[in-house]
Number of protein chains: 2
Amino acid sequence: MQNINSILSSCSISSHQCRCFEKLSEAEAALIDKNSVKIRFSKGEIISKQGSFVSQIMYMEKGLAKVYIDNGKNTLVLKIIKEGNFIGLTTLSEDSTFLQYSASAYIDSDVRLIDISVFRQVLSSNIEFAKEVIEILGTNSAQMYGRFFCLTHKQSYGRLADILLCLSERIFKKEEFELPLSRKDLAELSGMSSETVIRMLKRFHAEGLIYMKGKEMKIVDFEKLRRISETG
Amino acid sequence: MQNINSILSSCSISSHQCRCFEKLSEAEAALIDKNSVKIRFSKGEIISKQGSFVSQIMYMEKGLAKVYIDNGKNTLVLKIIKEGNFIGLTTLSEDSTFLQYSASAYIDSDVRLIDISVFRQVLSSNIEFAKEVIEILGTNSAQMYGRFFCLTHKQSYGRLADILLCLSERIFKKEEFELPLSRKDLAELSGMSSETVIRMLKRFHAEGLIYMKGKEMKIVDFEKLRRISETG
DNA sequence: CAAATATATTAATATATATCAATAAAAATA
DNA sequence: TATTTTTATTGATATATATTAATATATTTG
């Protein structure tokens with residue numbers, strides 16, 4: 001039995017396993033390989049900048065990055081990208097000549113930049129590949145919808161619980177981890193100020209839901225954290 | 001020269017013209033036609049309900065509807081669907097067995113329900129159709145990102161300005177119109193309480209940006225309204 | 001290592017917006 | 001048309017969270 005709240009999480013990372021490159025023929029794989037470059041971005045470096053011209057499709061080979069929108073005053077992290085995911089496929093759309101969002105690396109990351117016209121060409125010749133792209137776009141939207149709802153209608157406490165669970169369960173896959181994100185990063189993810197993040201974390205710690213010391217984090221009580229995520 | 005703020009609107013209706021059915025062969029069009037039904041929904045009726053089993057793709061032939069998420073306490077309208085648009089293509093993804101959102105009609109509407117397996121079948125056989133679907137999904141995400149940012153980081157005043165501009169420019173294509181949405185509908189669209197909507201509308205009216213009498217609406221000063229949309 | 005810089009923490013205060021409650025107006029129904 | 005129900009409006013109050021500012025702690029750099 002599926003609960004409606006289970007789809008409503010501020011979690012921002014895709015759980016979808018990208019399988020599209022498996023669908024390529026040898027020739028297609030070679031074509032993509034020939035028309036792409038692998039670039040290493042250091043922690044904190046900007047991978048792509050909002051407003052710039054779209055000329056490639058970016059694929060995260062190794063690392064962790066954020067995709068975000070910034071209006072000069074506020075920043076909203078749309079999603080976290082881990083290895084094996086595209087930084088953005090929405091740019092495939094003919095309408096989007098300019099990048100709508102920026103991306104930057106949380107940790108040292110290897111990104112493959114694929115020429116967009118070559119990518120489109122392969123898309124036109126390989127229907128299995130295209131279907132996989134549809135799959136990715138659909139999953140991405142679904143994720144975004146849940147996150148959208150939470151960031152507009154859940155309160156801070158629940159939103160932060162979501163993010164902590166997301167980090168532990170989907171990104172590090174451990175209950176204990178060294179956080180590569182700053183408090184400000186957490187704030188951009190959960191749509192609140194960094195001061196509020198700190199206060200909430202402190203409260204979680206005091207209530208025994210997490211253990212925290214600087215960047216060290218440990219989820220102590222998953223159950224209660226999930227309940228907070230659900231009740232707001 | 002493109003301004004970054006121009007992409008940041010809470011506007012919730014796709015400006016993308018769906019062209020996917022044009023790509024079908026006669027046989028494919030017939031197949032889809034044979035495996036679909038047209039249903040008329042009256043104003044206020046629920047078209048589909050969050051949590052239910054996904055078995056068809058819904059296409060708005062005529063009318064106006066909202067696609068929304070509801071947790072029993074709050075409602076967020078994800079987008080407005082007008083004629084010539086899909087109510088949701090994200091359900092195409094194999095992952096989504098259950099509907100993540102509900103839809104209901106703002107006005108009397110004709111909706112075509114297409115069997116999802118037939119839709120997928122056509123997708124597998126016609127690459128131009130698949131590419132068009134990718135186009136739609138990409139445009140939808142882009143729209144959603146802008147809206148997401150606005151609803152989390154713009155204040156009410158700017159968000160409501162967005163919605164009014166959206167209604168006038170994209171939906172009714174007139175500066176004067178009879179609003180088929182209630183104040184509560186506006187609230188769900190702009191992510192605030194209906195009381196706040198009323199107060200903001202009153203203020204717009206007092207400041208001479210709009211003229212309003214009950215459900216009659218007229219945009220008086222587009223320029224100022226746009227400035228409010230941009231500055232917050 | 002010391003100095004400089006960036007990040008984290010804490011507390012006090014401000015504020016936008018929700019909530020609550022009461023009334024008015026409009027729409028639906030008998 | 002009168003009655004009931006729903007929607008809109010208004011004002012008073014509550015509250016979550018941002019903002020500001022000051023201090024402490026890390027981290028980076030010379």
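Just so it is clear, the structure is predicted and the values come from calculations on it, not from any experiment. Every chain is numbered from 1, with letters handed out A, B, ... down the list of sequences.
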Exercise for review: Check the side chains of A:S194 and A:R183 for a donor-acceptor pair under 3.5 angstrom, ignoring hydrogens and angles.
Suggested key: no
Review point. Atom CG of B:L76 to atom P of C:dA18: distance rounded to whole Å?
Key: 13 Å
Review point. Any side-chain N or O of A:S193 under 4.0 Å from OP1/OP2 of D:dT17?
Key: no
Check your understanding: In whole angstroms, how far is the P atom of D:dT7 from the CE atom of B:M212?
Key -> 18 Å
Check your understanding: So does B:T196 get a side-chain nitrogen or oxygen closer than 4.0 Å to the phosphate oxygens (OP1/OP2) of C:dA18?
Key -> yes
Point to revise | Nearest-angstrom distance from the residue atom OH of B:Y157 to P of C:dT17 | key: 12 Å
Review point. Does D:dA26 have OP1 or OP2 sitting under 4.0 Å from an N or O in the side chain of A:K215?
Key: no
**Study point:** Atom-pair distance (NZ on A:K213; C1' on C:dA8), nearest Å
**Key:** 15 Å
Exercise for review: Look at all strands and tell whether A:S182 reaches a base, only sugar-phosphate, or nothing, counting heavy atoms closer than 4.0 Å.
Suggested key: sugar-phosphate
Point to revise | Distance, rounded to the nearest Å, where A:M200 contributes CE and C:dT9 contributes P | key: 14 Å
**Study point:** Side-chain (A:R159) to main-chain (A:S190) donor-acceptor, under 3.5 angstrom
**Key:** yes
Check your understanding: If you draw a 6.0 Å radius around NZ in A:K224, do more than 12 non-hydrogen atoms from other residues or ligands fall strictly inside?
Key -> no
Exercise for review: May I ask you to verify if any side-chain N or O of A:K184 is less than 4.0 angstrom from the OP1 or OP2 atom of C:dA8?
Suggested key: no
Study note, to complete from the structure: Shortest non-hydrogen pair, B:Y106 vs B:I80, comes out as CE1-CG1, 4.0 Å
Point to revise | B:R183 side chain, from C-beta outward: closest of D:dA18, D:dT9, D:dA21 | key: D:dT9
Practice item. May I ask you to check whether B:K79 and B:N85 show a side-chain donor-acceptor distance below 3.5 Å? Key: no
Study note, to complete from the structure: Separation of D:dA26 atom C1' from A:L179 atom CG, nearest Å, is 15 Å
**Study point:** Nearest-neighbour nucleotide for the B:K73 side chain, C:dT17, C:dT19, D:dT17 considered
**Key:** C:dT19
Check your understanding: Separation of B:L186 atom CG from D:dT7 atom C1', in whole Å?
Key -> 13 Å
Exercise for review: Kindly say whether, by distance alone, the side chain of B:R199 makes a donor-acceptor pair under 3.5 Å with the base of C:dT19?
Suggested key: yes
Check your understanding: Given atom CD1 of B:I198 and atom C1' of D:dG11, what is their separation to the nearest angstrom?
Key -> 13 Å
Point to revise | B:E195 or A:G191, whichever maps to the more 5' nucleotide of DNA chain D | key: B:E195
Review point. Picking from D:dT10, C:dT17, D:dA16, which would you name as closest to the side chain of A:Q155?
Key: D:dA16
